[in-house]
Amino acid sequence: MRGEQIQGRFGVPHEKESIKLGITKDIVRTVGMNIDWWAWDPVATEVDAIYDVGSSTVGRRWKKEITIPVVSAKLEQGVMQRNDRGLYTVDQLRLTFNVDVIRNNISKQRGTTTTDDDYFSQDPDRFLRDRVVFRTTVWSPAKFSPRGLMGDDFTLISLELNQVNPEELVNDPQFLRYANYNPFILGV
């Protein structure tokens, strides 16, 4: 008779890696897509001390983008609000990643190495100034949600993002090429 805490041939580490590999082979490589991730660069950034926007000379800066595969992307159109100031909508995007994609790509871009366990517990807000480009639109991370708990480790990460509208990109020189995007003109 085996004790209930004894693991057999296929323990939690094996199952976790099997899940990640299966998701990558069956979903990411067949129907997944890629996004461009830009990590915030506080050293190269110059921000106006009063208005907290990019300065007119240097502006806010991000490190060179890296392309990251995502398991799925769900786009939700923002609610149209008409008021005396005009029409303003903000779309939402939910991305799902394999947890090792976040650990291996984004942490290396930042020059840090972490484990899954401390990656989210030490400073979950460190990504809020990053930018993601998906289908010629710039997005700002709003919420990270670890998913697929297996033992003491996660297998998936869900990331919710808010659209950065083109008029908000004027002080960000690296994203000016996306500021001219017009959703009403096809082929842009």
Side-chain angles (χ1 to χ4, degrees), residues 19-20 22-40 52-54 60 62-107 109-110 116 119-121 123-150 154-188:
I19 288 171
K20 291 177 188 175
I23 289 172
T24 300
K25 283 184 173 180
D26 294 340
I27 299 176
V28 174
R29 292 184 186 164
T30 56
V31 296
M33 59 209 65
N34 293 325
I35 54 115
D36 290 328
W37 190 289
W38 299 69
W40 171 252
D52 194 33
V53 296
R60 297 185 293 183
W62 287 264
K63 296 179 181 178
K64 183 171 175 25
E65 78 273 14
I66 56 172
T67 301
I68 298 177
V70 297
V71 174
S72 70
K74 179 184 176 189
L75 181 63
E76 293 182 18
Q77 297 294 88
V79 177
M80 185 169 48
Q81 299 175 350
R82 295 179 192 258
N83 58 32
D84 57 342
R85 292 178 288 182
L87 173 68
Y88 189 79
T89 63
V90 176
D91 296 341
Q92 285 83 38
L93 176 66
R94 176 177 285 168
L95 300 174
T96 303
F97 302 91
N98 268 336
V99 72
D100 58 339
V101 167
I102 296 289
R103 182 180 64 225
N104 295 336
N105 290 299
I106 298 173
S107 63
Q109 183 188 38
R110 292 176 184 281
D116 293 351
Y119 200 72
F120 304 102
S121 60
D123 187 8
D125 296 336
R126 70 178 134 203
F127 303 105
L128 296 181
R129 290 186 178 248
D130 290 357
R131 293 291 182 261
V132 170
V133 175
F134 172 72
R135 296 174 59 188
T136 67
T137 306
V138 180
W139 303 85
S140 176
K143 180 182 175 186
F144 272 85
S145 302
R147 307 264 188 228
L149 185 62
M150 185 116 190
F154 298 99
T155 56
L156 295 172
I157 298 297
S158 178
L159 172 62
E160 295 178 27
L161 304 104
N162 294 321
Q163 179 185 12
V164 180
N165 283 319
E167 62 269 15
E168 298 173 66
L169 298 172
V170 290
N171 291 329
D172 300 334
Q174 291 172 294
F175 296 107
L176 284 179
R177 66 179 177 230
Y178 302 107
N180 295 325
Y181 170 71
N182 185 342
F184 302 106
I185 299 174
L186 297 175
V188 175

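Worth saying up front: this structure is predicted, and the values here are computed from it rather than measured. In what follows, every heavy atom counts, from backbone to side chain, and hydrogens, waters and symmetry copies are set aside.
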Chemist: Please check: side-chain N/O of W40 versus main-chain N/O of R60, any donor-acceptor pairing under 3.5 Å?
Modeler: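 Checked: no pair found.
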Chemist: Is the shortest heavy-atom distance from the side chain of W38 to the side chain of V138 under 4.5 Å?
Modeler: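 Result no, sub-4.5 Å side-chain heavy-atom pair not found.
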Chemist: Among all residues two or more places apart in sequence or in another chain, which pass the side-chain contact (heavy atoms from CB on, under 4.5 Å) test with L75?
Modeler: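 Applying side-chain contact (heavy atoms from CB on, under 4.5 Å) to L75 gives Q77, D91, L93, R135, W139.
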Chemist: Kindly compute the distance separating CH2 (W62) from CD (Q174), expressed to the nearest 0.5 Å.
Modeler: 6.5 Å
Chemist: Checking F134 now: which residues fulfil ring pair (Phe, Tyr, Trp, His ring centres under 6.0 Å) with it, not counting sequence neighbours?
Modeler: none
Chemist: For K74, what residues pass the salt bridge (charged side-chain N to carboxylate O under 4.0 Å, His left out) criterion, not counting sequence neighbours?
Modeler: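 Scan of K74 (salt bridge (charged side-chain N to carboxylate O under 4.0 Å, His left out), adjacent residues dropped) gives E76.
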Chemist: What is the distance from atom OG1 of T67 to atom CD1 of I35, rounded to the nearest 0.5 Å?
Modeler: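 One gets 8.0 Å once the value is rounded to the nearest 0.5 Å.
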Chemist: Does the side chain of S140 come within less than 4.5 Å of R131's, by heavy atoms?
Modeler: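 A side-chain contact exists here, since the closest heavy-atom pair is under 4.5 Å.
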Chemist: So, taking the atom named OG1 in T137 and the one named CG in L169, what distance separates them when rounded to the nearest 0.5 Å?
Modeler: 10.0 Å
Chemist: Residues in side chain to side chain donor-acceptor pair (under 3.5 Å) with S158, at least two apart?
Modeler: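 Result, side chain to side chain donor-acceptor pair (under 3.5 Å) vs S158: none returned.
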Chemist: What's the separation between atom CD1 in I157 and atom OG in S145, rounded to the nearest 0.5 Å?
Modeler: 8.5 Å
Chemist: Can you sort out the partners of N162 under side chain to side chain donor-acceptor pair (under 3.5 Å), two or more places apart, ordered by chain and number?
Modeler: none
Chemist: Would you name the heavy atoms of P166 and A179 that are closest together and state the gap between them?
Modeler: CB-O, 3.1 Å
Chemist: Drop me the distance from D130's CG to L161's CG, to the nearest 0.5 angstrom.
Modeler: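 Reported to 0.5 Å precision, the distance equals 10.0 Å.
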Chemist: Name all residues meeting the side-chain contact (heavy atoms from CB on, under 4.5 Å) criterion together with N165; count only those two or more places apart in sequence or in a different chain, and write none if there are none.
Modeler: Y88, V90, Q163, E167, E168
Chemist: Report yes if the side chains of F127 and V132 come closer than 4.5 Å at any heavy-atom pair, otherwise no.
Modeler: no
Chemist: Identify, with sequence neighbours excluded, every residue that meets side chain to side chain donor-acceptor pair (under 3.5 Å) alongside E160.
Modeler: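 Per chain and number, E160 pairs via side chain to side chain donor-acceptor pair (under 3.5 Å) with R94.
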